[in-house]
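Read the structure below first, then the notes.
Predicted model, so just to flag it, every value in this text is computed and none were measured.
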Amino acid sequence: MTALGKHLHRSSGRWDRAERWLVAAAEAGDPEAMYCLSKLYWDRAVWGPNGEAYRAGSVDWCRRAAQAGWFEAVQHMGIKRGISAKEREFWLRRALESGDRSAMTGLARLATERERPDEAEHWYRMAIDHGLSSVRGVLAFLLLDQGRPSEAEECVRREAEAGSWEAAGHLAAVLRELGRTQEAATWQEKCDAGRARDTERQMPESGASDRQAPPGDFVTVAVTALVTTAVVPFIQALVSKAAEDSYGQARDLVRRILHRNGEPDTTAEPVEESVGWCPATAPA
């Protein structure tokens with residue numbers, strides 16, 4: 001039932017049938033079906049009428065799936081907006097206990113929202129120690145806000161000097177905040193050059209294959225390239241101030257625009273809002 005519901009969810013105009021199969025499987029106790037039903041309800045909230053009701057249903061079924069132990073649902077509950085900070089922390093810690101390193105950055109962002117900079121720094125540094133170096137720029141600005149400019153610069157300079165164009169962009173942003181505009185411009189040039197090289201490598205090589213990509217795939221590639229070369233310089237400034245996943249959100253937005261006149265892109269969910277949470281329902 002779950003497999004059929006998932007297939008119908010991906011098919012335009014079959015969401016009613018998908019819902020029937022997924023509800024049946026979810027009510028029978030299948031945690032995967034609960035999570036898939038949550039995603040279906042979220043898509044219906046975004047793309048159809050009765051948005052608030054479907055949004056609430058999405059949260060409810062995602063919570064049930066997480067309580068039943070479905071890992072993707074646990075991860076998802078940790079990043080939901082509109083639920084209480086206490087519940088978000090509960091699920092982030094549960095995801096971390098299950099081996100999800102990205103939960104560290106979620107806990108850091110949550111601590112920042114709660115105006116707990118020391119706690120946020122702890123989680124960002126732990127994330128970096130576990131290989132999530134993309135948060136160095138966010139940590140650097142956190143240190144700047146605390147009046148620790150030397151530490152902020154040190155946080156991103158080593159990787160920038162090692163050749164990371166992302167770190168070069170973070171360092172340029174930090175240097176601009178410190179008023180060292182000429183040095184910042186030099187590092188920004190290195191960032192732009194590195195990003196351009198990566199973009200060129202990611203583009204399909206002409207003549208590499210006789211098979212033509214489907215029109216939809218070609219447009220997605222082209223627009224993603226446009227985002228990389230034209231929008232990312234703007235996004236990068238936001239990354240240092242906000243969170244490390246801004247580029248992914250921009251890319252997902254483009255994909256949703258591409259699907260606006262066809263089937264909605266169900267691989268990326270917009271920022272969510274939801275209803276409250278009863279701690280008594282959480283797993284022990």
Side-chain angles (χ1 to χ4, degrees), residues 79 92 96 99-113 115-205 221 224-252 254:
I79 63 172
L92 283 166
L96 182 58
D100 180 15
R101 295 180 303 163
S102 67
M104 299 175 194
T105 64
L107 287 164
R109 287 194 293 269
L110 182 59
T112 301
E113 293 172 18
E115 298 184 352
R116 300 175 182 176
D118 291 343
E119 185 180 339
E121 180 182 348
H122 164 77
W123 287 115
Y124 279 132
R125 289 193 182 279
M126 183 174 288
I128 292 169
D129 289 343
H130 284 78
L132 301 179
S133 60
S134 60
V135 302
R136 285 183 177 275
V138 189
L139 175 59
F141 271 94
L142 180 66
L143 295 171
L144 277 179
D145 291 340
Q146 295 179 337
R148 298 155 65 185
S150 297
E151 292 178 67
E153 181 178 348
E154 181 183 358
C155 182
V156 290
R157 180 174 285 279
R158 183 177 301 177
E159 283 205 350
E161 291 177 343
S164 166
W165 66 259
E166 294 97 335
H170 292 151
L171 179 57
V174 169
L175 293 172
R176 281 193 293 270
E177 288 289 319
L178 297 175
R180 292 154 60 181
T181 55
Q182 186 171 354
E183 187 179 359
T186 299
W187 283 107
Q188 188 62 55
E189 289 176 2
K190 293 181 180 181
C191 170
D192 294 342
R195 181 171 53 243
R197 286 194 299 271
D198 276 5
T199 302
E200 185 176 354
R201 283 196 294 267
Q202 291 168 8
M203 291 294 291
E205 297 182 6
V221 169
T224 301
L226 175 63
V227 171
T228 304
T229 56
V231 178
V232 167
F234 167 72
I235 294 296
Q236 186 179 17
L238 298 180
V239 167
S240 298
K241 289 285 190 182
E244 67 277 9
D245 56 355
S246 296
Y247 170 74
Q249 293 174 357
R251 181 186 58 199
D252 292 341
V254 169

Considering all heavy atoms of both residues, which atom of [X] and which atom of [Y] are nearest to each other, and what is their separation?
X      : Y      : result
Ala140 : Ala152 : O-CB, 3.2 Å
Lys190 : Ala168 : CB-CB, 4.5 Å
His170 : Ser134 : CE1-O, 3.8 Å
Leu171 : Glu153 : CD1-CG, 4.0 Å
Ala120 : Ala108 : CB-O, 3.5 Å

To the closest 0.5 Å, what do you measure between [atom1] ([X]) and [atom2] ([Y])?
X      : Y      : atom1 : atom2 : result
Leu139 : Thr105 : CG    : OG1   : 12.5 Å
Arg109 : Thr112 : CZ    : OG1   : 9.0 Å
Glu177 : Leu144 : CD    : CG    : 6.5 Å
Leu142 : Arg125 : CG    : CZ    : 9.0 Å
Thr181 : Gln188 : OG1   : CD    : 12.5 Å
Tyr124 : Leu132 : OH    : CG    : 11.5 Å

(message) If you count every heavy atom of other residues, nucleotides or ligands that lies below 6.0 Å from Glu113 atom CD, does the total exceed 12?
(response)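 More than 12 heavy atoms, drawn from other residues, nucleotides or ligands, come within 6.0 Å of this atom.
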
(message) Restricting to side chain to side chain contact (heavy atoms under 4.5 Å, CB included), what partner residues turn up for Leu107, sequence neighbours left out?
(response) Glu89, Leu92, Arg93, Leu96, Trp123

(message) Does any part of the side chain of Glu121, heavy atoms only, come nearer than 4.5 Å to the side chain of Gln146, both counted from C-beta?
(response)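 A side-chain contact under 4.5 Å exists here.
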
Applying side chain to side chain donor-acceptor pair (under 3.5 Å), can you list everything that pairs with [X], at least two apart in sequence or on another chain?
X      : answer
Arg101 : none
Arg197 : none
Asp129 : none
Ser164 : Glu166

Taking only residues two or more places apart in sequence or in another chain, which ones pass salt bridge (charged side-chain N to carboxylate O under 4.0 Å, His left out) with [X]?
X      : answer
Glu161 : Arg157
Arg116 : Glu119
Asp198 : Arg201

(message) Please evaluate residues Val174 and Arg180 with respect to the criterion side-chain contact (heavy atoms from CB on, under 4.5 Å), reporting the C-alpha separation (whole Å), side-chain torsions for both, the decisive distance (0.1 Å), and the verdict.
(response) CA-CA 9 Å; Val174 169; Arg180 292 154 60 181; over 6 Å; no

(request) Would you confirm whether Arg136, through its side chain, and Cys155, through its main-chain N or O, come within 3.5 Å as a donor-acceptor pair? (result)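 Judged by distance alone, yes, a pair lies under 3.5 Å.
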
